[in-house]
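Below, chains carry the letters A, B, ... as their sequence lines are ordered, and counting in each starts from 1.
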Amino acid sequence: MTNGWNDIKNADVVLVMGGNAAEAHTCGFKWVTEAKSGNGAKLIVVDPRFTRTAAVSDLYAPLRPGSDIAFLGGIIHYLLSNEKIFKDYVLAYTNAAFIVKEGFGFEDGLFSGYNAEKRDYDRSSWDYEYDEAGQAKLDPTLENPRCVFNLLKVHYSRYTAEMVEKTCGTPKDLFLKVCELIATTATGAKTLTSLYALGWTQHSKGSQNIRNIAIIQLLLGNMGVPGGGINALRGHSNVQGITDFGLFSNSVPGYLAMPNSKETTLEEYLKTRAFKPIRPDQMSFLQNYRKFFVSFLKAMYGKNATAENQFGFDWLPKVDVNLDTLRQFELMFQGKMNGFICQGFNPLMSVPNRKKLIAGLSKLKYLVVMDPLHTETAHFFENHGEMNDADPAKIATEVFLLPTNCFAEEEGTFTNSGRVIQWHWKAAEPPGQARTDIQIMADLFLRLKALYAKEGGKFPDPIMNVDWSYRNPAKPTADELLREINGRALADLPDPADATKPPIKKAGELMDIFAQLKDDGTTSCANWIYSGCYTEKGNMTARRDPSDPSGKGIHPNWGYAWPANRRILYNRASADPSGKAWNAKKKVIEWNGSRWAGIDVPDFGPLIDPTQKATGPFIMNPEGVGRLFTRGMMREGPFPEHYEPFESPVANPFHTKVQSNPVARVFKGDLEVFGKSEDFPYVATTYRLVEHFHYWTKHAKMNAVLQPELFVEIGEQLAKDKGIASGDMVEVSSNRGRIKAKAVVTKRIRPLVCDGKPVHIVGIPIHWGFIGATKKGFGANQLTPYVGDANTETPEYKAFLVNIKRIGPAA
Amino acid sequence: MTTSTEKVAVVRDTYTRYNPSERANHWLVVVCALLLMLSGLAFFHPVFFWLTALFGGGQAARAIHPWIGVVLAISFTFMGIRFFRQNIWTKEDSEWMSHVGDVINHREDKVPEAGRFNAAQKLVFYVMFWSVVTLFLSGLVLWQHYFGDAFPIGLQRFAGLVHAVMAAAMIITMIIHIYAAIWNAGSVRAMTRGPVTGGWLWKHHRRFLREEVGGRK
Amino acid sequence: MQSLDVRNRSASTAVPPSVRKDLEVAKLIDVSKCIGCKACQSACMAWNDLRPDVGVNSGIYDNPENLGPAAWTVMRYTEHEEAGRLEWLIRKDGCMHCTDPGCLKACPSPGAIVQYANGIVDFVQENCIGCGYCVKGCPFNVPRISKADNRAYKCTLCSDRVAVGQSPACAKACPTGAIVFGSKESMVDHAQGRIKDLQSRGYDKAGLYDPQGVGGTHVMYVLHHADRPELYSGLPNNPEISPMVALWKGALKPLSMIGMGMALLAGLFHFVTKGPNEVTEADEENARKLKGRDAA
Ligand SMILES: Nc1nc2c(c(=O)[nH]1)N[C@H]1C(S)=C(S)[C@@H](COP(=O)(O)OP(=O)(O)OC[C@H]3O[C@@H](n4cnc5c(=O)[nH]c(N)nc54)[C@H](O)[C@@H]3O)O[C@H]1N2
Ligand SMILES: Nc1nc2c(c(=O)[nH]1)N[C@H]1C(S)=C(S)[C@@H](COP(=O)(O)OP(=O)(O)OC[C@H]3O[C@@H](n4cnc5c(=O)[nH]c(N)nc54)[C@H](O)[C@@H]3O)O[C@H]1N2
Ligand code: HEM
Ligand code: HEM
Ligand code: SF4
Ligand code: SF4
Ligand code: SF4
Ligand code: SF4
Ligand code: SF4
Ligand SMILES: [Mo]
């Protein structure tokens, strides 16, 4: 989230698209209710199904799964062609005026630089024109046809309301109503907030959905403003935390990159990472990349990390391919992976294409499952008939179950979608032999280290040099770890302003903020963005002061929001270039003549005088402004383009040559098992229900009572065509498998007319499996396709093809 | 002149008014009806709620009442079949009813002769018959434990009303019936041991007596 | 803090006079804010330690499908189309805590149902005999008799929590603020604000459901279509205690009591004044004569 949960109450229009906030983010959704009842806000829901979020919406519009880029592109087209944009903001705070260099182009669904063989782009043409000083050129008059704004207009000129209707199946008048409501926030007087999650991300081009909303919010001037922003609603209670700590195999904590094999020295690695501003007056957090990275290495290797040995840079793995989930299971499937430690993860249920998973897991030598519950994955080798068609006699994988406690049985932190890190206390003792994940991992580490000490090995250094100076090495505490994360001075740190003054930090003292970090090895910090969460004043994440002095939902003394306890990111953009709030009602910080001040921590150099310097507000970017054109940051191009899901019932209405994302993550064998619409005529999508959390609450009787049995949802027309009555048993099949379920026939799903033909939708909740207190059920991922987003590798769970038939009355 | 029945009995003729099976049947009905009345009244009005104590408490009284009702219904069916023919209403019964004041005031000489059952007894029979039928049916509908969800709520409410009305009617009739049994000396002996004297029949069921002796001809 | 002074008690002719004038409480359920998340249902189960059986899906979202002895509140989902616009009306069903409670009126067991001065209608299982009259008396089809112990159960409005100054578990858990709890007066006030908001969004017929047929309720709804409450899974329009029940539990009782008493007294006076009707020797003589004549 750029803004935060509490901030949603400041919104005037709330767009829930690509998510089902009421069901999947129920507690957070209260702020939408607040916005509605307290602020008179209007709620728009765009979803293939009329969800429980839609039940309280002011405007609902359906769309075909996987067609969001067309819909959002249509909104951009509407805003541009009706001049419903916040012009001053766009000019000052986006790269609208930046001139794109010759050579960049777009034709027949492809941007310049495509290599069909590699299924990848040469992205060098996707950039600005620079002057001799290396500064980007721009045309503030917006007359240059190659400036971003004009390229944007040209690109989106194809996304007309008619094309939206044709592609998405959304009736044109309904679509235009959505546009009109969104456009009411273009003036700076009102703001739009966007709440999204998997409905946008779980597509072969998911990241581009989010790029689209970024463009919309920049055009409307809604970034950095209360009640605005782009708010990703995160998943698991600590998925935000895990992302902050390097969820991807190619990153280290704090969104720093893992080095690759070409980067053989620290200097080489840093050369490309710590980017330089490309506009005059620009400053950037990431100029401090070296400080963050060296402090990270000091946290990893402690005293063993020295300037002489590049702070242990060599001990970090060098990663050339991203080992995302899809690739992991592909490797397993190919027999190239021997062992798998599965910690708090139930891939047999959650990863696409069950058949492939069972085959892969069966090839492992060993599987370690660390979980408080009996997961399907841990029992993958058992035969449960059609629900899990494994043959135990043929599986040699050795499975170890290591019982862990559940989060409520230990202390630690959660980081919520709004980046607020919150300490939680232990509520109960773990049962039986359960141990905390930390204890298990520590034990594992110490045993590995002892083995290396005894037997040596090819390259023991990365293990032997790790700093493990916890009070009890077998049981590091969450409190110790959080302090390590926050960072501390390893030597006295002199005052940068006046070295004669006493040091700002004595050796051993905790950091107050990442700005104090050093690149000479005198500080350590495991995750720079969390720096400040545990200071000499105590554990900031354990603060529970609910007060909100401004009444704007800032709550500065509740937990700790990274970075720097800032609640609204880019909040400098809430003020005009001169430093005055665009709208007094939506004021966050202002230039008071000597510094930036207001109700939130400024996301800006607090002393940068706007009357003297034209520093842009988006200080994470070297250009200082928001990007309508993303340069080479995205795999499939600088502007989002509509591509069909890999399984789709219609031909791409935008271009005939390129049906689906040309750079999506897809493996050879999987391409072959995509289904055709002749055999599988209906579009399926999978999703959550409020009553369950993935595959674990089915173990709880209470949840089982509230939603006992697997069902699929279909519209009344399809039910009639297929002779299915509500409550009947049906079989849903894709080219990869089949499931049996109860049918829920509903008015809430209706056929959408795309390109003249009706498209029926089959909705499949994900929560059932062959273990638990609920009725046993098939898993949705017996059906789903093995293809991922080009940038995040997130699988395309949200749009694929199936068939459905009635198999009988309720059993 | 002695009026000792004991003495008279020795010399006088006796007639068997109820055979053992009839008597047993009647008293089974009586036991059920009394228990039903006692337990039913407990639910009927708070002032009687203490009566549940006789049955082992409210839960037990509630549970057993309908079952007794079922026994009553079965045993009454037999009794009904037994007495049905003798209870068919005739013109003479209407005539008898018009003299009910004379009956009450011990002026039997002015009352038309009655058969085996007089008109008042027949009325008791009818009221009992219809009470048991409606109480049984309405009781089933009211029977939460087994039929709680079987009937529409409107019908359940109606059954509650009907059951209460009919129970009251039946209790009033029972009071009258019991009183009549006590008041008319010799009746109880007829129902407990079987015999009545010729005089008893002469007094109360003269036409029946005539038929009896005529029948011996 | 709430006292639990009793205002009304089932099958009882006298009620202890209350010294305190208690604040009437109410729970307001804003159907227009409800997202059907069932948090209230799980909170109710958790607080009251209820675990109904795991059921099945029968083609709807309602689970448990109905109220039960261990399901004191359930969400009811209705898909309603109006002027081409789909609405998903989701209503939290449960006891309404009527001011004039039909259950209490019908209950034959003293103290099995009590109404506190604060308006809460509570079942006291120790005193319940399991007759099911409350089921018949309730205009909202709420009470359920447990097959396990033959006692009646329903929402208590968390009288145990309210008594110590807490809000009901469901209200506490409701994430959207669709359930609010407070004094009846303040809830009616709060509802007015909500109704205005709904009217501004085009629901001209938005309103408060506080049916006067049962004297008003201590659980109230804000409805977008207050003119048609039956849209919400059959919420009764103008509910009242059924006339059948009113008669059964009303006029009939004293009348019957008088009838039975009169019959008893009539017998007594008749006996005292007229004495037993005895057979005389003359009757025996007549009988003998009759027999003799015939024999002759
Ligand atoms: N109750 C509950 N809450 C949860 C979870 C849970 O399991 N249960 N899981 C947590 C986790 S890990 C996550 S990641 C989040 C996920 O949160 P959400 O993303 O909100 O959850 P989903 O139900 O997967 O998907 C949301 C909606 O996307 C819609 N959808 C499907 N295809 C499309 C499409 O092409 N376009 C658009 N616009 N919408 C589409 C679906 O109909 C569905 O209503 O939820 C978190 N919260
Ligand atoms: N078809 C389809 N598939 C999907 C999705 C979809 O929308 N559609 N959504 C995807 C998404 S967004 C997600 S996040 C995944 C979720 O997929 P998974 O993460 O595989 O599913 P969970 O059931 O949440 O598994 C988490 C496990 O962690 C265990 N656990 C809980 N607490 C602890 C703890 O303290 N320590 C340890 N070691 N374990 C613990 C739980 O018991 C549980 O078994 O599913 C994905 N799969
Ligand atoms: C014939 C079969 C009968 C059945 C199946 C039956 C059943 C019932 C039932 C189910 C109740 C509700 C209380 C409970 O569950 O125990 C009830 C109440 C009652 N019954 Fe019966 N009953 C029968 C006969 C009778 C008879 C013969 C009488 C009276 C002589 C009687 C008098 C009552 C009374 C007074 C009530 C209380 C009514 C009220 O509260 O208004 N019942 N009966
Ligand atoms: C304590 C209670 C009762 C007593 C003492 C009692 C006593 C008697 C006696 C003495 C007779 C004989 C009268 C005669 O032969 O003229 C009689 C007849 C009869 N009794 Fe009862 N009875 C009682 C209750 C009942 C009840 C509850 C019923 C029915 C539900 C019933 C039904 C009958 C019937 C059908 C007859 C045959 C005569 C008639 O039709 O009235 N009695 N009873
Ligand atoms: S997981 Fe927790 S915070 Fe999230 S909606 Fe459920 S109860 Fe609320
Ligand atoms: S908890 Fe609140 S929002 Fe959720 S179902 Fe209950 S009333 Fe509705
Ligand atoms: S079942 Fe209902 S009416 Fe009967 S005693 Fe119990 S609470 Fe009262
Ligand atoms: S709703 Fe029914 S159970 Fe609740 S108080 Fe009213 S009559 Fe009684
Ligand atoms: S008030 Fe209490 S008992 Fe009633 S529904 Fe809510 S939680 Fe359950
Ligand atoms: Mo997730």
Practice prompt. Determine whether more than 12 heavy atoms belonging to other residues, nucleotides or ligands lie under 6.0 Å from atom NZ of A:Lys805.
Written response: no
Worksheet item: Shortest non-hydrogen contact from C:Pro175 to A:Cys27?
Response: CB-CA, 4.0 Å
Worksheet item: Should we say atom NZ of C:Lys184 is surrounded by more than 12 heavy atoms from elsewhere, each under 6.0 Å from it?
Response: yes
Item to complete: Give, for atom CH2 of C:Trp88 and atom OG1 of A:Thr746, the distance between the pair rounded to the nearest 0.5 Å.
Response: 6.5 Å
Item to complete: Please check if atom CD in C:Gln212 has more than 12 non-hydrogen atoms from other residues, nucleotides or ligands closer than 6.0 Å.
Response: yes
Item to complete: Scan C:Ser42, C:Cys37, C:Pro52 and name whichever one has a side chain to side chain contact (heavy atoms under 4.5 Å, CB included) with A:Leu706.
Response: C:Ser42
Fill in: Residue part contacting chain A, namely of C:Asp53, when any heavy atom lies under 4.5 Å
both
Worksheet item: Hey, are the side chains of A:Tyr60 and C:Leu86 touching, using non-hydrogen atoms and a 4.5 Å cut-off?
Response: no
Worksheet item: With a 4.0 Å cut-off, would you call C:Arg201 and A:Asp58 a salt bridge?
Response: yes
Response to the item:
Rounded to the nearest 0.5 Å, the CD atom of C:Glu79 sits from the CD atom of A:Glu716 at a distance of 7.0 Å
Fill in: Check: A:Lys742 and C:Val56 side chains under 4.5 Å, non-hydrogen atoms
yes
Worksheet item: Minimum heavy-atom separation for A:Gln707 to C:Asn57, with atom names?
Response: OE1-ND2, 3.9 Å
Worksheet item: Can you tell which of A:Met702, A:Lys30, A:Glu691, A:Glu23 has the highest number of heavy-atom pairs within less than 4.5 Å of chain C?
Response: A:Met702
Worksheet, complete the sentence: Value for CG (C:Asn63) from CG (A:Asn703), rounded to nearest 0.5 Å, stands at 12.0 Å
Worksheet entry | For chain A, the option from C:Ser32, C:Gly59, C:Ala71, C:Gly193 that forms the most heavy-atom pairs under 4.5 Å | C:Gly59
Worksheet item: Within 45° of the axis and under 6.0 Å from the centre of the six-membered ring of C:Tyr61, does NZ or CZ of A:Arg748 qualify?
Response: yes
Discussion item. Tell me whether the count of non-hydrogen atoms from other residues, nucleotides or ligands lying under 6.0 Å of NZ in A:Lys722 goes above 12.
Written reply: yes
Item to complete: Name the option with the most non-hydrogen atom pairs under 4.5 Å to chain A; the candidates are C:Gly55, C:Ala39, C:Ser58.
Response: C:Gly55
Fill in: chain C contacts, top residue of A:Val705, A:Thr53, A:Val690, A:Leu710 (heavy-atom pairs, under 4.5 Å)
A:Val705
Worksheet item: In terms of heavy-atom proximity below 4.5 Å to chain C, should A:Phe50 be classed as side chain, backbone, both, or neither?
Response: both
Discussion item. Report which part of A:Glu713 has an atom under 4.5 Å of a heavy atom belonging to chain C: side chain, backbone, both, or neither.
Written reply: side chain
Item to complete: Please state whether the side chain, the backbone, both or neither of A:Ala725 comes within less than 4.5 Å of a heavy atom of chain C.
Response: neither
Fill in: Spatial distance of atom CD1 (C:Ile35) from atom OG (A:Ser57) [nearest 0.5 Å]
12.5 Å
Item to complete: Select one option (side chain, backbone, both, neither) describing which atoms of C:Ala46 are under 4.5 Å from chain A's heavy atoms.
Response: both
Response to the item:
Okay, A:Ala704 and chain C: the region with an atom under 4.5 Å from a heavy atom over there is both
Worksheet, complete the sentence: Under 4.5 Å to a heavy atom of chain A? For C:Cys34 that would be backbone
Discussion item. Side chain to side chain contact (heavy atoms under 4.5 Å, CB included), that's the test. Do C:Met45 and A:Lys701 meet it? Break it down for me.
Written reply: CA-CA 11 Å; C:Met45 281 194 250; A:Lys701 176 142 191 214; over 6 Å; no
